[in-house]
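Labels below follow one simple rule: chain letters A, B, ... track the order of the sequence lines, proteins then strands, and each chain is numbered from 1.
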Amino acid sequence: MSDLAPAPFGRRRLRVSDRRTEGPYVVLTAPDADGPPPRAGQFYMLAAVEGWGAGEDERPFLPRAFSVLHAGPAGLEFMLEDVGPGTSRLCGLAVGDQLWVLGPLGQGFTPPPVGARALLCGGGVGVAPLALWQDELERSQTPVSVVLGFRDAPHAQGAALLRAAQVATDDGSVGHHGLVTTLLDAELDADTAAVVYACGPPAMLEAVRERCLARGVPTQLALESGMACGYGACYGCVVPLAAGGYARVCVDGPVFAGELLPAGALLAAHGESA
Amino acid sequence: MSDLAPAPFGRRRLRVSDRRTEGPYVVLTAPDADGPPPRAGQFYMLAAVEGWGAGEDERPFLPRAFSVLHAGPAGLEFMLEDVGPGTSRLCGLAVGDQLWVLGPLGQGFTPPPVGARALLCGGGVGVAPLALWQDELERSQTPVSVVLGFRDAPHAQGAALLRAAQVATDDGSVGHHGLVTTLLDAELDADTAAVVYACGPPAMLEAVRERCLARGVPTQLALESGMACGYGACYGCVVPLAAGGYARVCVDGPVFAGELLPAGALLAAHGESA
Amino acid sequence: MISFCGLELAHPIINGSGTFDALAARRVFGDAVGGAFPFSAFVSKTITAEPRVGNAPPRLWETPAGMVNSIGLPNRGLLAYLEHDLPALARLPVPLITNVMGSSGEEVAELVGALDDRAEVAAVELNVSCPNVKTGLDIGADPVELLAFMTLVRPATTKPLIVKLTPNTADVARCAVAAQEGGADAVSLINTLRATAMAPGTDRPWLGGGTGGLSGPAIRAVALAQVAAVCRGVDIPVVGMGGVQSGHHAADLIAVGATLVAVGTENFRDPAVAAKIAEELAKNTQIAGL
Amino acid sequence: MISFCGLELAHPIINGSGTFDALAARRVFGDAVGGAFPFSAFVSKTITAEPRVGNAPPRLWETPAGMVNSIGLPNRGLLAYLEHDLPALARLPVPLITNVMGSSGEEVAELVGALDDRAEVAAVELNVSCPNVKTGLDIGADPVELLAFMTLVRPATTKPLIVKLTPNTADVARCAVAAQEGGADAVSLINTLRATAMAPGTDRPWLGGGTGGLSGPAIRAVALAQVAAVCRGVDIPVVGMGGVQSGHHAADLIAVGATLVAVGTENFRDPAVAAKIAEELAKNTQIAGL
Ligand SMILES: Cc1cc2nc3c(=O)[nH]c(=O)nc-3n(C[C@H](O)[C@H](O)[C@H](O)COP(=O)(O)OP(=O)(O)OC[C@H]3O[C@@H](n4cnc5c(N)ncnc54)[C@H](O)[C@@H]3O)c2cc1C
Ligand SMILES: Cc1cc2nc3c(=O)[nH]c(=O)nc-3n(C[C@H](O)[C@H](O)[C@H](O)COP(=O)(O)OP(=O)(O)OC[C@H]3O[C@@H](n4cnc5c(N)ncnc54)[C@H](O)[C@@H]3O)c2cc1C
Ligand SMILES: Cc1cc2nc3c(=O)[nH]c(=O)nc-3n(C[C@H](O)[C@H](O)[C@H](O)COP(=O)(O)O)c2cc1C
Ligand SMILES: Cc1cc2nc3c(=O)[nH]c(=O)nc-3n(C[C@H](O)[C@H](O)[C@H](O)COP(=O)(O)O)c2cc1C
Ligand code: FES
Ligand code: FES
């Protein structure tokens, strides 16, 4: 990351300049004059300036982590799924409303070795960091394939945020009927010279990690984890390492090589039993 | 109060149907199909359904007490002054937004004896309960005089909420330059056969109480107090009684005969030294 | 129906002492309160031997997701309670639990003895935990003192005795065990956490009583930890409370072992909330039961 | 300039141990952190004799206006701290306070002794209060044990010793007095309140560590009461903390007698907030001084 300017110290106010939806997902745009350009896989801690703390159970209190979906002259783009009080408040923002923003944070994706293609595998709102990664990879002319999984047809509209994606849905309403890992398997069966970049629900990441490990295909997994700070201060966001001990998802990740993670690690960090 | 139906048990949702301003004051209207008509001097506990708890210091948490300003076919009217996180949130409500409402609560004003006129004396946002009282008194053909005090000209626009009010301002920009109690004195000098109905800041109420006591003029003072519940549950809203002990402002008041209150009582309940 | 110390209750939701005045509520809301009485048992606010006027105002301070109160246990004293309040409270459609406090075991034994004669009282809760009054704190915070206290109070009644523990202690489970050893039929917790506030822009305390007790959602996670620790330590039933606002919160307390759940501060935001909580809880339990 | 245990500090705002990682912050934010370092002294997270990996995740639970953490004091152990962290931390533009914990007075005396040799360390804070680790709780919650502990630890260093008290006790002022009697140069409080949470819709605890500690605005009123009680009881300087988010909150702690104020959880919401708080406080003080 030494080629990138560090994040400004302290949270800053941005103004929402655009709000659109892709199926159930909300995409917010916020011009960011003071921040350096983010790398794909990096994230920001976001909070609404107004109305933060008045949702279900008197939450949210802490800021929330979001991958950057796109970044460019129009500003930073984030893709949000309403799953609780924090995302609900952010999804309710309108053009002109203000955001607290800290970032860009964390370690992003690194490109595949020359000759290998990038195989992007996303599930649900986990497609977000892959969109910016696709932008960057295509700019450097790296061959890219994209497989995405969604719950159903409405959610599958999120696939429009990437180009040329193969889609699977749990209910078969769009694309392949079944898991995205089936599409991934088919891609790897066809050509194993790839690095897999994955982001999505814990169970999907675990499945990707496992099968790529078995095939000897390197993976870069963009993890989620409950975060309080996003910049290494709280030690709350850890994921277990195969070598023992824990790593902070926010500063050591959120992108980790699959080999570094033990089986079940991705489930444990989310309070699900491994 | 036996002639009035009791308040519905449990808070209920009302929708803001109108929002207007009178100078710095906000007047909200909310149709209340399920509540009985309030008596002047009664109050409601209000909270915004959305966004309650996200203000300064992560407040408000508890509902807030507001006198009813007017009540009629259009609904309940409340007059608000933004003095902190609760009033700030309520002042920010727009038409269509929802309110939690409990009430009507407390004991309202009682009419003067036959032959005596009603002298209404209000300060700042304390004019609110006097407006409905003026409506009721004029309906029963009771002679009414109104003296109101405000900080300055913008606040004095609140006088428009009553009819035929004499106005005093602290800065002399409108009406009499000085305290409303000077207007009150002049009224009483002219004719002492009156009951004084007063609502306003603690220091004003204290001054009204003191001089009317000295003149032998009965007073009914509508008090404010920090309240958690508004229905007698928390014992938090008390005011000291001249006879010793304390009374709950929410259920024993908010209107008290001035004779019942000891000197300085009104200041103590607000954390000001007597 | 839930069994609790020999009482059969319609659901597990009761009120926290001092957070609902059933008589005042009936004056304000009329008979609707009786018909739709939200609690399955009613806990009266703390009664003392002599009348108390309570603390000087201000008595309330709002905090982030909570409040500090410094009420100071105002009440008309035992005699007025026996003469005036009990007959009126007996008209409630649910069993009555009378909460009492005193400055010594002997004093509380007398209070409890006086209630023992009265059929209106289904159970007695001992407030050994009120942070506003010195005695409450000290007795409840030390297992040895609490056991000695119970040795004096227990013989004074055959009615169920619930000990309301103080949360302002190093090891609440040990205090609960002492209460159980001393013959308590149940324990209840948590009472408020000792807290204070300054008058804005001054160096004086805001509350007339100087300090008070913190309650509401802010303390919910503390309450859950203390209730869980106590449930692990004792065999008698536990009444859990602290920041409960919903059926989910009640279900959490029950999951760690509470038999009943009390709602306190949330009553102030909505007097009828307990009925909603009881419904949500019943729905949760049905779903979990499938 | 504020004098604190012989240190001259630019302003009264420091960090709470474990709530700011100066080395990680420099990696994330670059040299900006050094230039605009928000704290007038830096308190390191708790160091133990042996390395600790910390608790299993999840480690965080958000509460109304606060959070419960169950981090479990991960650290690379004394040796790595001395070898790697100290030289890097010495490059900070402010004095360094090293926070340590151990399971006995002897163990802590050794830790403290090892730091005594190091010029980079301006003062040592003793964590006798962490609710996630048994030992911390017990030593700090009992005045008698705390005095015995201090008797072992005090001789191990001539550097200023700050005792970080546990709030999970019946009478924190008595514990502070014991620390003072045992030779503490200052006390700091409050640490987190013991708390827990259930995994939503289950009867299992959410936190990998089972229980954790509550921090943030939710506990501010409790912190103020405890700091006030301690300030009334001791003559040594007091570092007050708990839920501080603004200059007003810091001013309240100072009004009840604190010399320094530490910011903890609020750092998570904004890494640069302490600088803003110090400014607001300076403005308050100026206004009050007029
Ligand atoms: C690096 C990173 C990148 C991310 N990128 C995106 C993105 O691009 N788009 C997107 O939509 N999301 C993204 N997320 C996920 C997003 O941060 C979470 O969805 C969000 O924090 C949820 O907050 P909430 O308040 O809406 O829901 P919460 O109520 O916080 O619920 C979310 C989950 O947290 C747990 N939980 C429930 N209650 C609590 C509680 N009180 N305390 C702690 N945990 C609780 C449960 O497991 C629940 O399912 C990302 C996360 C990380 C770490
Ligand atoms: C019966 C009655 C009728 C009323 N009628 C009206 C009316 O018609 N219109 C109207 O505008 N107002 C009315 N009020 C006053 C209104 O209820 C208050 O202005 C309101 O509660 C303030 O809330 P807030 O959050 O805006 O301000 P707060 O922050 O609550 O500040 C208000 C005052 O409370 C104190 N305070 C500050 N912080 C705290 C805290 N954390 N906890 C407790 N107290 C604190 C201070 O003295 C401060 O000046 C009435 C009050 C009563 C009791
Ligand atoms: C205003 C107020 C008054 C209270 N009075 C009493 C009391 O008289 N006796 C008692 O044992 N507990 C009293 N309590 C404590 C509550 O019963 C309860 O234990 C505590 O508030 C925690 O629950 P909550 O967070 O749901 O309010 C009082 C609490 C409040 C907020
Ligand atoms: C995530 C987290 C980690 C903490 N780690 C430590 C620690 O290592 N040592 C310690 O003495 N206190 C630790 N604390 C306690 C804080 O230093 C502070 O005492 C407490 O959080 C109260 O302050 P606050 O409300 O401002 O956060 C930690 C607190 C949090 C929230
Ligand atoms: S989120 Fe705080 S250390 Fe990672
Ligand atoms: S506001 Fe609760 S008793 Fe009056």
Side-chain angles (χ1 to χ4, degrees), chain A residues 1 4-12 36 45 47 52-64 84-86 100 102-107 225-241 244-246 248-252 265 267-274, chain D residues 15 18-38 45 51-67 69-76 199-200 202 204-208 216-218 264-265 267-273 275-276:
Chain A
M1 311 299 300
L4 284 183
F9 183 52
R11 67 181 184 182
R12 57 194 185 278
M45 297 300 282
W52 200 245
E56 189 201 326
D57 276 348
E58 326 289 328
R59 298 192 301 134
F61 168 64
L62 298 163
R64 298 294 194 259
W100 287 121
L102 183 75
L105 300 168
Q107 313 299 324
S225 176
M227 291 185 174
C229 70
Y231 65 96
C234 75
Y235 283 76
C237 60
V238 296
V239 63
L241 295 177
Y246 299 99
R248 283 171 286 182
V249 171
C250 65
V251 286
D252 301 323
L267 302 173
H270 290 77
E272 299 166 28
S273 32
Chain D
N15 67 300
T19 67
F20 195 87
D21 181 333
L23 303 180
R26 198 151 54 189
R27 284 199 301 275
V28 174
F29 304 113
D31 291 333
V33 179
F37 199 71
K45 66 186 277 78
R52 294 171 57 98
V53 297
N55 290 336
R59 289 179 173 184
L60 302 174
W61 177 257
E62 188 182 59
T63 66
M67 59 181 279
N69 85 79
S70 170
I71 307 297
L73 304 178
N75 76 97
R76 298 197 287 166
T202 75
R204 291 178 292 105
W206 169 257
L207 298 165
T265 300
N267 295 318
F268 302 155
R269 307 206 320 160
D270 180 1
V273 76
K276 227 176 300 175

Please answer whether the main-chain N or O of A:Gly226 pairs with a side-chain N or O of D:Arg59 as donor and acceptor at a distance below 3.5 Å.
no
Just so I know, are the side chains of A:Tyr246 and D:Pro57 near enough to count as touching, which here means a heavy-atom distance under 4.5 Å?
yes
Using a cut-off of under 4.5 Å for heavy-atom pairs, which of D:Val53, D:Thr202, D:Asp270, D:Val273 has the most such pairs with chain A?
D:Asp270
Less than 4.5 Å to any heavy atom of chain A: does that hold for the side chain of D:Thr63, its backbone, both, or neither?
backbone
What distance separates A:Arg64 CZ from D:Glu62 CD, expressed to the nearest 0.5 Å?
4.0 Å
Under 4.5 Å from any heavy atom of chain A - which part of D:Ala56:
both
Most heavy-atom pairs under 4.5 Å with chain A, out of D:Pro271, D:Pro64, D:Gly30, D:Ala24, belong to D:Pro271
Mind listing the closest non-hydrogen atom pair of A:Tyr231 and D:Asn267 along with its distance?
OH-O, 2.6 Å
Among D:Ala65, D:Ala32, D:Pro74, single out the residue with the greatest number of heavy-atom pairs under 4.5 Å to chain A.
D:Ala65
Return yes if a side-chain donor-acceptor contact under 3.5 Å exists between D:Asp21 and A:Tyr235, otherwise no.
yes
Picking from A:Gly244, A:Pro60, A:Gly230, A:Pro104, which has the most non-hydrogen pairs under 4.5 angstrom with chain D?
A:Pro60
Distance, nearest 0.5 Å, that separates CG of A:Leu62 from CH2 of D:Trp61
12.5 Å
Where does A:Ala7 contact chain D at under 4.5 Å (heavy atoms): side chain, backbone, both or neither?
both
Closest heavy-atom contact between A:Phe9 and D:Ala36?
CE2-O, 3.8 Å
Pair A:Phe61, D:Arg269 - check side chain to side chain contact (heavy atoms under 4.5 Å, CB included), show working.
CA-CA 8 Å; A:Phe61 168 64; D:Arg269 307 206 320 160; 3.5 Å; yes
Which of A:Ala47, A:Ala228, A:Gly245, A:Pro85 touches chain D most, by non-hydrogen pairs under 4.5 Å
A:Ala228
Got a second to check how far D:Leu60's CG is from A:Cys234's SG, nearest 0.5 Å?
5.0 Å
